[in-house]
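Counting convention: from 1, in listed order, for ligands and their atoms alike. Please read all numbers here as calculations on a predicted model, not as lab measurements. The analysis underlying the following values was restricted to heavy atoms, covering all of them including side chains, and did not include hydrogens, waters or symmetry mates.
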Amino acid sequence: MSEFPTWQQGIRQDYPPLRGLCRVDAVVVGGGLAGVTAALMLSENGVRTALLEARALAEGATAGCAGMITCQAIHALTTAARTRDMAVVRSYAQLMREAVTGVIALAQRLPQPCDITACDAFAFAETEDDLPALHRLMALERELGLPVAEGTDAGGCPFPVERSALMKHQGLLSPLPYVLGMAEAAALLGCQIYEQSPVRRLEGHRLTTPQGVVEASWVILCTGAPLDCHDRSLLALMAPRLRELRLLTSAAPLHSAQLSVHSDEMTLRPCQEGLLMTWDRGAYGTDQADGAALIRDRTLRALLPESETRQVILRREVFSRDGLPLVGPLHPRDSRLMMATGFGGLGLTGSFLAARLLTGAVIGRPLPESPLFLPFRRYPGRSAFDRTALLASAKAFVHGLTSPGTPKCPHMGCPLRYNADSGLWECPCHGSSFDILGQVEAAPAIQDAALSPRDRP
Ligand SMILES: Cc1cc2nc3c(=O)[nH]c(=O)nc-3n(C[C@H](O)[C@H](O)[C@H](O)COP(=O)(O)OP(=O)(O)OC[C@H]3O[C@@H](n4cnc5c(N)ncnc54)[C@H](O)[C@@H]3O)c2cc1C
């Protein structure tokens, strides 16, 4: 299994590790889509910014991104419509619609070409059984003011579909050159970018990496789950999931289009080498993910019998339980310690929206919709979901205490589970992960896990 997607080319600049003391107005932690978009927008608005990335830019969830730019946010919109007021969901849908235009315009002016293409997006019902769900989706999108039309075609889909919901004026790009191009543009505006600079300690607005220290008025955590976060309500609002990106050869090339089954479980798009498929494998760090892999293999054999898998990339992505991104201060006590995550499978448009919200807060021009995305928000039904999520994590925690041989997550002590497919130790409670030597790969954990030689797979 290869680690970085081969289907896209990007010209990497070498950014050094942080050494010594760096004082800036804002420090962004995490060099994925969210962090790099925020760093660029802050720099464009005259904010002295530094960006710290633990490894290399775009190696986290962003390496799995298939590059579909869309506001056909099926999972996010249907989840939000179940848990939030319609007025709130409508504002979110409109901001996402603006973000599609924003991402396309931004991609066109970057120093690196990133294969930006305009295209239609189709959500499709594969069989008659899927039709009611597709019609519910279309009714919701119409109610939210999104331009959706019904059809029988699905952009040259290589297998027959029953019915589709068409949204025009969406887009495709290659995420790696997009991220590297944004970083290059930010650096030209004076943003200090540091790679191989994991934040190991976070004390107020002072951040320590192995060789340096950053002091900043604003700290913005774009690390998937926020670093070293122990707030149980906030942790319970996040839902880490395991998702896969698969590069397939295909006998019948798809037109320029993006396709999703109505539940967003599977998406398809064309690329130069064939087809890109994404698949949701279930809650992170659990057995669910193995079952999903079997279903995916069966579906692939049935729908695309002639395709062959060239590459598989597995990544954790943090969703929110109410469908809306989590962007803004982590808690009301400190409005200058902010975070951005929970894009529900839509990191391109979600990161663009997050960067607008974060930059607005830093330059004193907040968007009127900012309160909708506050990470410490309350919403109807919260107590019910809180109980379920907290019970699940308490159960995992107790299991860890009663199984002395199991490696534990240094974040809050949950037992880790080894995933042979990704080659990582994964935390089922809050989504941290560690390589086979115990080195932390994904937050909220900030420290390495203590693994003994007998824990080596
Ligand atoms: C398979 C798959 C397909 C997808 N397809 C699409 C798509 O077609 N369209 C779309 O819009 N979205 C898509 N997404 C979603 C999108 O990729 C994500 O929402 C987005 O990449 C999240 O970006 P991020 O910056 O929040 O997180 P990440 O990319 O995970 O970035 C977080 C960064 O923080 C760094 N970090 C962590 N801890 C530290 C530390 N202590 N110090 C410093 N740095 C640290 C990590 O190394 C990482 O680089 C897809 C996601 C997946 C997994």
Side-chain angles (χ1 to χ4, degrees), residues 5 17-18 27-39 51-73 75-76 96 99-100 103 121 170-176 178-179 194-202 207-210 214 220-228 240-246 258 260 264 266-269 271 276-281 284 312-319 325-327 339-355 431-433 440-448:
L18 172 71
V27 59
V28 177
V29 188
L33 273 168
V36 177
T37 318
L51 173 75
L52 298 178
E53 164 53 44
R55 293 169 287 162
L57 299 181
E59 279 201 7
T62 300
C65 182
M68 297 187 277
I69 313 162
T70 187
C71 57
Q72 198 163 52
H75 173 85
M96 291 298 274
V100 170
V103 172
Q170 311 292 291
L172 296 172
L173 56 65
S174 294
L176 180 61
Y178 175 67
V179 169
Y194 301 103
E195 291 181 316
Q196 311 304 335
S197 303
V199 172
R200 294 291 193 197
R201 201 168 335 132
L202 183 64
L207 286 69
T208 309
T209 67
V214 178
I220 301 174
L221 302 178
C222 296
T223 45
L227 289 182
D228 209 20
R241 304 197 61 82
L242 182 68
R243 301 191 65 213
E244 87 173 39
L245 176 73
R246 203 167 258 257
Q258 30 175 302
S260 319
D264 242 2
M266 181 177 94
T267 69
L268 283 172
R269 64 153 283 192
C271 71
L276 290 174
M277 189 202 76
T278 73
W279 189 270
D280 185 288
R281 298 220 352 206
Y284 197 70
V312 177
I313 296 196
L314 284 175
R315 285 294 187 273
R316 177 204 76 176
E317 193 187 356
V318 177
F319 282 55
L326 296 130
V327 186
M339 63 177 279
T341 193
F343 306 123
L346 297 169
L348 285 162
T349 36
S351 294
F352 189 88
L353 167 59
S432 298
S433 63
V440 60
E441 286 258 337
I446 199 166
Q447 300 298 342
D448 297 339

What protein heavy atom sits nearest [atom], and how far away is it?
{"atom": "atom 18 (C) of ligand 1", "answer": "E317 OE2, 3.4 Å"}
{"atom": "atom 9 (N) of ligand 1", "answer": "M68 O, 2.9 Å"}
{"atom": "atom 28 (P) of ligand 1", "answer": "A61 N, 3.6 Å"}
{"atom": "atom 14 (N) of ligand 1", "answer": "G345 O, 3.6 Å"}
{"atom": "atom 36 (N) of ligand 1", "answer": "T223 CG2, 3.7 Å"}

Backbone, side chain, both or neither: what part of [X] comes under 4.0 angstrom of ligand 1, heavy atoms only?
{"X": "E441", "value": "neither"}
{"X": "L227", "value": "side chain"}
{"X": "T278", "value": "side chain"}
{"X": "C222", "value": "backbone"}

What about A340: any of its N or O atoms under 3.5 Å from an N or O on ligand 1?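 No; every N/O pair is 3.5 Å or more apart.
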Is it the case that ligand 1 has an N or O less than 3.5 angstrom from some N or O of A54?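 It does: an N or O of A54 is found under 3.5 Å from an N or O of ligand 1.
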Could you check S433 against E441 for side-chain hydrogen bond (donor to acceptor under 3.5 Å, both in side chains), going step by step and ending with a plain yes or no? CA-CA 5 Å; S433 63; E441 286 258 337; 5.2 Å; no
Run the salt bridge (charged side-chain N to carboxylate O under 4.0 Å, His left out) check on E317 and R315 step by step: do they pass? CA-CA 6 Å; E317 193 187 356; R315 285 294 187 273; over 6 Å; no
Return the set of residues passing ring-ring contact (aromatic ring centres under 6.0 Å, His included) with F319 (not counting sequence neighbours), or none when no residue passes.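 ring-ring contact (aromatic ring centres under 6.0 Å, His included) list for F319, sorted by chain: H75.
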Numbering as shown, the atoms of ligand 1 that approach V29 to under 4.0 Å (heavy-atom distance):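 Selected atoms, number and element: 42 (N), 43 (C), 44 (N).
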Hey, which atoms in ligand 1 end up nearer than 4.0 Å to a heavy atom of L52?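 It comes down to these atoms of ligand 1: 43 (C), 44 (N).
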Just go through Q258, E53, R246 and tell me whose heavy atom is the nearest to atom 47 (O) of ligand 1.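 Minimum heavy-atom distance to atom 47 (O) of ligand 1 goes to E53.
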Which option out of T37, L18, T62, V28 puts a heavy atom nearest to atom 21 (O) of ligand 1?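 Among T37, L18, T62, V28, the closest heavy atom to atom 21 (O) of ligand 1 belongs to T62.
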If a pair satisfies side-chain hydrogen bond (donor to acceptor under 3.5 Å, both in side chains) and one of its residues is in residues 56-69, list it, with sequence neighbours excluded.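 Qualifying pairs: none.
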Would you find a donor on one side and an acceptor on the other, under 3.5 Å apart, between the side chain of S197 and the backbone of L18?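 It does hold such a pair.
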Are L173 and V103 close enough, and set up right, to give a side-chain contact (heavy atoms from CB on, under 4.5 Å), and what steps lead you there? CA-CA 10 Å; L173 56 65; V103 172; 4.1 Å; yes
